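Accompanying notes for the structure given below.
It should be emphasised that the depicted structure is a prediction, and the values quoted were computed from it without experimental measurement.
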Amino acid sequence: MRAYAAFALALCSGLAHAQVESPNPQHVPLPVMAPDVAPFPVLLSPSGTRNPYSDRDNCPQVSSKTTASFEGGTYTAQGGFAEGEIAAVSYTLPGNLFPLRVTLIEAILAQLNATVQTETQFSILVYDGTPDQNQLVFEFNSDGQILPHVIMGPGTRGTNIQAQVDPNDPEQIWIYNPNNDPTHTFSVGLRIDHHNAQTANPCFTAPPSSANAFPCTDNTVIGCGSGYSALNYPSDNWLYAVNCGANGCPPNGGWTRFSSLQTDTSIFGICITGCRPRGDWVMRVTWDPANCPPPTGACCFGTAGCFIADATTCGTAGGTYKGPGTTCGTLTNGQFPGCVAPANNPPTADAGADQNVTDTDNSGDEVVVVNGNASFDNDPGDFIANYKWYEGANLLQDGPSLLSAPFAVGTHTLTLRVTDSQGATDDDTVVITVSAGGPSCDPDLNQDGNVDQDDIAYLINVVGGGENPTGIDPDFNQDGNVDQDDVASLINTVGGGGCP
């Protein structure tokens with residue numbers, strides 16, 4: 001099997017967050033902010049079961065138990081997360097969606113104000129059922145070669161680990177629900193195998209936040225007190241913790257749901273933190289069921305009859321299928337709105353902002369690029385079928401949205417006309433102003449009609465105090481001084497160089 005993993009790196013800036021440190025070193029929230037991500041793909045080679053598949057209209061699908069967008073934002077790195085500990089999330093689906101393929105797993109690691117480059121070794125895990133049932137069906141470990149370790153430079157940074165199975169490989173990660181689990185659940189996890197700088201005993205001293213990266217949760221709950229218990233998915237987020245004895249979190253380690261972890265307490269306005277995180281793990285999974293339910297939409301019988309069905313059922317019934325996601329609407333005046341052909345609205349042309357350019361080479365014109373890509377059509381299923389650029393009645397280009405052409409010095413008004421797939425049109429104009437370049441020089445100083453060594457000799461004589469019968473300005477380089485620099489500039493120009 002081939003699979004792809006991608007690391008999305010983001011520069012971040014820390015967020016101030018006042019709190020009382022937890023007495024348990026296993027859990028030290030570290031607020032971070034990651035504004036953006038950029039993926040870097042690598043190749044994996046896990047093992048799976050051979051099964052054919054193909055993408056369908058409404059499959060695969062994404063399941064997430066977090067409010068995070070995975071496109072940058074504010075997260076909390078769970079400082080104190082030790083080597084051997086696992087962050088996991090469970091997903092429960094209707095039984096008819098099994099068996100299913102797990103195609104993409106994402107999880108975010110982050111560091112806050114790290115003073116050194118960090119390297120984190122990790123594993124990706126997939127379970128049939130909840131993780132405490134120990135039905136591990138897939139495991140892949142970073143090895144620094146096929147799957148790189150997560151490496152981040154000093155500072156506050158985030159990494160989005162994306163493990164994706166190659167859709168063209170015959171071996172895939174399948175969940176069969178073989179135990180006939182009535183909850184129809186599967187789980188994915190991220191294990192920290194080796195920190196950049198693990199402490200000797202994380203039960204007494206947390207791995208230093210200045211030298212390590214940690215799994216992230218979202219910021220579901222802000223503040224202290226009873227709010228800690230108000231997570232969105234406390235029963236679906238899991239922690240596998242090292243055994244730190246009776247005072248550990250959880251006591252004696254092992255698998256625990258967030259809903260079973262100790263909450264915080266506010267006493268006389270002082271926050272005594274428990275070890276339940278403020279948010280849910282920033283993880284999500286993309287999955288593709290073998291028996292993908294067909295997409296449904298409005299099935300119309302004229303305009304007065306309509307029901308929701310898939311395309312096959314609608315065709316068998318003799319109706320007209322309006323497409324995936326369409327609706328019948330409420331019967332009004334004997335018609336279903338979803339079955340009435342909508343009026344075609346014209347597209348919107350956007351020729352871009354006006355431009356002012358300069359004829360930099362004094363050639364009399366300048367190449368200008370105009371872009372109509374911002375044009376659009378809001379009608380569902382409609383699109384812009386044609387772009388035409390005009391200057392007055394003159395058609396400059398028929399086709400592409402981009403136009404690159406030379407325009408003479410002066411003002412030009414261009415018109416972009418867009419036509420949608422139903423034939424409706426819209427126009428927009430853009431004004432292009434081409435200004436002349438700077439003044440050109442005349443190196444024919446002796447005015448004999450030739451540019452040659454005689455002009456250089458003429459200027460040398462004038463600079464040296466000789467007569468100037470042509471009346472030329474001897475300050476050839478226009479720097480305010482008449483000296484050998486003017487002679488050097490003239491020599492350059494006579495030799496084929498440009499004007500100074």
Side-chain angles (χ1 to χ4, degrees), residues 1-5 44-66 70 88-107 124-140 162-189 233 235-236 238 283-300 306-328 338:
M1 173 206 278
R2 294 192 306 160
Y4 297 103
L44 300 181
S45 299
S47 176
T49 303
R50 294 179 181 274
N51 275 284
Y53 84 98
S54 60
D55 285 337
R56 278 75 35 106
D57 287 339
N58 61 331
C59 295
Q61 300 183 36
V62 178
S63 291
S64 176
K65 296 298 178 70
T66 174
F70 291 81
V89 181
S90 294
Y91 304 94
T92 300
L93 303 172
N96 67 336
L97 296 179
F98 291 87
L100 58 82
R101 291 185 317 113
V102 175
T103 64
L104 174 65
I105 299 169
E106 298 176 80
I124 295 169
L125 311 167
V126 180
Y127 305 87
D128 192 330
T130 55
D132 60 334
Q133 294 174 327
N134 296 319
Q135 297 293 326
L136 181 66
V137 298
F138 170 79
E139 177 177 350
F140 200 90
Q162 300 173 319
Q164 182 175 14
V165 180
D166 181 356
N168 296 313
D169 197 296
E171 297 183 57
Q172 301 290 320
I173 304 172
W174 285 90
I175 303 294
Y176 290 95
N177 205 29
N179 298 325
N180 198 26
D181 182 354
T183 62
H184 307 299
T185 299
F186 73 99
S187 307
V188 298
Y233 305 100
S235 297
D236 297 317
W238 295 78
M283 302 177 68
R284 66 182 176 186
V285 60
T286 303
W287 50 273
D288 188 12
N291 301 312
C292 179
T296 60
C299 180
C300 296
C306 183
F307 71 101
I308 301 299
D310 59 72
T312 301
T313 302
C314 183
T316 301
T320 300
Y321 185 57
K322 292 295 185 178
T326 56
T327 61
C328 295

Inset, instruction - Return the set of residues passing salt bridge (charged side-chain N to carboxylate O under 4.0 Å, His left out) with K322 (not counting sequence neighbours), or none when no residue passes. - result: none

Inset, instruction - Determine whether Y91 and V285 make a side-chain contact, defined as any pair of heavy atoms from C-beta on separated by less than 4.5 Å. - result: yes

Inset, instruction - Just grab all the side chain to side chain donor-acceptor pair (under 3.5 Å) pairs involving residues 307-320, residues at least two apart or on different chains. - result: D310-T313

Inset, instruction - Assess the cysteine pair C300 / C328: is their SG-SG separation shorter than 2.5 Å? - result: no

Legend entry - Closest contact, heavy atoms only, P60 versus T286: CB-CG2, 3.9 Å

Legend entry - Side chain proximity check, N291 to P289, heavy atoms < 4.5 angstrom: no

Legend entry - C299 and C314 SG atoms less than 2.5 angstrom apart: yes

Inset, instruction - Using a 4.5 Å cut-off on heavy atoms from C-beta on, say whether the side chain of H184 contacts that of L93. - result: no

Legend entry - V62 side chain reached by R284 side chain, heavy atoms, under 4.5 Å: yes

Legend entry - Y321: partners by ring pair (Phe, Tyr, Trp, His ring centres under 6.0 Å), with sequence neighbours left out: none

Legend entry - Between S187 and T130, a side-chain donor and acceptor under 3.5 Å: no

Inset, instruction - May I ask you to test the F138-I124 pair for a side-chain heavy-atom distance under 4.5 Å? - result: yes

Inset, instruction - Could you tell me which non-hydrogen atom of M283 sits nearest to which non-hydrogen atom of A107, and how far apart they are? - result: CG-CB, 3.8 Å

Inset, instruction - Determine whether L104 and Q162 make a side-chain contact, defined as any pair of heavy atoms from C-beta on separated by less than 4.5 Å. - result: yes

Inset, instruction - Report yes if the side chains of F98 and I175 come closer than 4.5 Å at any heavy-atom pair, otherwise no. - result: yes

Legend entry - Over all atoms of both residues, closest heavy-atom pair of T326 and I308: O-CD1, 3.9 Å

Legend entry - 4.5 Å side-chain heavy-atom contact, F186 and S90: no

Inset, instruction - Please identify each residue that fulfils side chain to side chain donor-acceptor pair (under 3.5 Å) with S63, with sequence neighbours left out. - result: W287

Legend entry - Considering all heavy atoms, the nearest D128-N177 contact: OD2-N, 2.9 Å

Legend entry - For T103, all residues meeting side chain to side chain donor-acceptor pair (under 3.5 Å), sequence neighbours excluded: none

Inset, instruction - Any chance you could measure L97, atom CG, to D288, atom CG, to the nearest 0.5 Å? - result: 10.5 Å

